[in-house]
Amino acid sequence: GQNIDQPTEMTATEGAIVQINCTYQTSGFNGLFWYQQHAGEAPTFLSYNVLDGLEEKGRFSSFLSRSKGYSYLLLKELQMKDSASYLCGDAGNMLTFGGGTRLMVKP
Amino acid sequence: DTEVTQTPKHLVMGMTNKKSLKCEQHMGHRAMYWYKQKAKKPPELMFVYSYEKLSINESVPSRFSPECPNSSLLNLHLHALQPEDSALYLCASSQGTSGSVSYEQYFGPGTRLTVT
């Protein structure tokens, strides 16, 4: 089975850097996804990590440590539009999401 | 075309009604999914179709009945729903499922369902 944990809510300031953590326990690991979901909208894909290390995509980076069952999403130069829920997801023959982290970016 | 479309956007139905949700994609994806999402909760997987065959049913009640007429279309037939079934129903697609690997999924905007 899968067990995915992430903080429920976080607050950060515009222009700052924020790190959203995700820990997982899974019987078979096939990679970890991060999705962004704005209120009332569909989730959109951000990143996928299957190997250890940091994957950078513009202002967003995602890190994975398989030995520690740990991932994080790093958001740099925060903008107001980054206020959203960030869903950590376990890839497999299905996509199991964690509870999501609601990020509020303040001016 | 990188869009997944869903109709209707909103649906209100009584507990004795029969209705259907529709989903369509033209990205050549061979896997399609139905998710249910309650307010302030993550999406929960209901069904997975891979190459037009139902590959995963996450123990969903029989009042929800999926159908995949072809690789571009996915329906969810609803019958005798309960008020607690009110939620956002999301459709998604991906290139395919290979073994136990799930690819990047593209989500539709969802159908907001209210059961009265």
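Here the structure is a predicted model, which means the values were calculated and not measured. Every chain is numbered from 1 and lettered A, B, ... according to where its sequence line falls, protein lines coming before strand lines.
No more than 12 heavy atoms of other residues, nucleotides or ligands lie within 6.0 Å of CZ in Arg112(B), so this atom counts as exposed by the packing criterion. Enclosure of atom CE in Met104(A) by more than 12 non-hydrogen atoms of other residues, nucleotides or ligands within 6.0 angstrom is indicated.
Residues Ala42(A) and Gly108(B) share a closest heavy-atom pair of CB-O, 2.9 Å.
Tyr35(A) and Phe107(B) have their aromatic ring centers within a separation under 6.0 angstrom.
In this structure, the portions of Pro43(B) lying under 4.5 Å from any heavy atom of chain A include both its backbone and its side chain. For Glu44(B), no part sits under 4.5 Å from any heavy atom of chain A, backbone or side chain.
Linking Ile, Leu, Val, Met, Phe, Trp and Tyr whenever their side-chain heavy atoms come within less than 4.5 Å puts Val50(A) and Phe45(A) in one cluster. No single ILVMFWY cluster, assembled from side-chain heavy atoms under 4.5 Å apart, contains both Leu78(A) and Tyr72(A). With hydrophobic clusters built from ILVMFWY side chains whose heavy atoms lie under 4.5 angstrom apart, Phe33(A) shares a cluster with Leu45(B). Linking ILVMFWY residues whenever their side-chain heavy atoms come closer than 4.5 Å, directly or via other members, places Leu54(B) and Met32(B) in the same cluster.
For the atom pair Glu104(B) CD and Ser47(A) OG, the distance stands at 10.0 Å (nearest 0.5 Å). Between the CD atom in Gln37(B) and the CD atom in Gln37(A) there is a gap of 4.0 Å [rounded to 0.5 Å].
Taking 4.5 Å as the limit, every side-chain heavy atom of Pro42(B) sits out of range of all side-chain heavy atoms of Thr96(A).
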